[in-house]
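Each remark here refers to the structure printed beneath this line.
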Protein chains: 2
Amino acid sequence: MLTRIDHIGIACFDLDRTVEFYRATYGFEVFHSEVNEEQGVREAMLKINDTGDGGASYLQLLEPTREDSTVAKWLAKNGEGVHHIAFGTADVDGDAADIRAKGVRVLYDEPRIGSMGSRITFLHPKDCGGVLTELVTSAGTEH
Amino acid sequence: MLTRIDHIGIACFDLDRTVEFYRATYGFEVFHSEVNEEQGVREAMLKINDTGDGGASYLQLLEPTREDSTVAKWLAKNGEGVHHIAFGTADVDGDAADIRAKGVRVLYDEPRIGSMGSRITFLHPKDCGGVLTELVTSAGTEH
């Protein structure tokens, strides 16, 4: 069961400049940053609020680390903006299986590692009204 | 001060079909629906989670009601997908003034009426890394 908006993923050309925009304009601070080589991104997580399920909602700022990453290709086509949205669940495996059984394409056979050691998968945007949709189970927690 | 992700605004061609997608796929139910003639949209709010500031996070599904609405024009250019993101604040007037003073274009001189009687304004996406950004103060509350 999806119990929160986990994050909004925003693609940008210059992570440092974008982090500074969110800090200077709104006062949002970097909660966590990392490089995900598999996804081909350098990212910063800005925590915005706690959520009623014991988790939190973040902005995830994403800069591609290589030209063949999906985010680099997306930026070349669309320019900067909202890249995906993510819902949090205690059971990404079960929810992905249920959603696949309903005919929505799930992009990974098994969840992969996302931000802060979470386990993630993506749903095909063409099956989700144009919205690239991620499912996330946080690391070491039940949310 | 912005204290939550209030909602993610998703533009669609057929609101009823999109509401049914979110219900059937994820179990999300309609919390509120309305027509906003000023904005030229018919909308459904799906509540996803409570937030630590006493508010909540929603998906806002938007179908244009007339061809000259901004959402209709956006759909004609971009197709269905994420149209905007919104942050919640107890003081949309003060935050909009502060943000305008930093050089970010605020689209309305005074906040207008948004979903569920809230007071809203928008920031220019070209000043926000391609992200159309809304600020929201909920009706009759301090969040």
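Residue numbers begin at 1 in each chain, while the letters A, B, ... track the order of the sequences. Computed from a prediction, not measured in an experiment: that's the story for all the values here.
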Given a strict heavy-atom distance threshold of 4.5 Å, which part of [X] is in contact with chain A: side chain, backbone, both, or neither?
X	result
B:Val104	side chain
B:Ile10	side chain
B:Thr51	both
B:Leu2	both
B:Leu132	neither
B:Phe28	side chain
B:Asp14	neither

Check whether any side-chain heavy atom of A:Leu59 sits under 4.5 Å from a side-chain heavy atom of B:Phe87, and report yes or no.
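Yes, at least one pair of side-chain atoms sits under 4.5 Å.
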
Is there side-chain contact between B:Asn49 and A:Thr3, with heavy atoms separated by less than 4.5 Å?
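No; the side chains remain at least 4.5 Å from each other.
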
Below 4.5 Å, heavy-atom pairs only: which of B:Ala24, B:Gly103, B:Cys12 has the largest tally toward chain A?
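Greatest number of close heavy-atom pairs with chain A: B:Ala24.
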
Within the supplied structure, the quantity of interest is the number of heavy atoms (other residues, nucleotides, ligands) at a distance under 6.0 Å from A:Met116 CE; does it exceed 12?
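It does: A:Met116 CE has more than 12 such atoms within range.
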
Closest approach of A:Cys128 to B:Tyr26 (non-hydrogen atoms, all atoms of both residues)
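Minimum heavy-atom contact is SG-OH, 4.0 Å.
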
On a heavy-atom basis, which atom in A:Phe21 and which in B:Asp127 lie closest, and how many Å separate them?
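The answer is CE1-O, 3.1 Å.
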
Can you tell me which portion of A:Thr25 sits under 4.5 Å from chain B's heavy atoms? Options are side chain, backbone, both or neither.
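It is both, since atoms from each part get that close.
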
Which one, A:Asp50, A:Ile5, A:Val131, A:Val82, leads in non-hydrogen pairs under 4.5 Å with chain B?
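If we count pairs closer than 4.5 Å to chain B, A:Ile5 comes out on top.
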
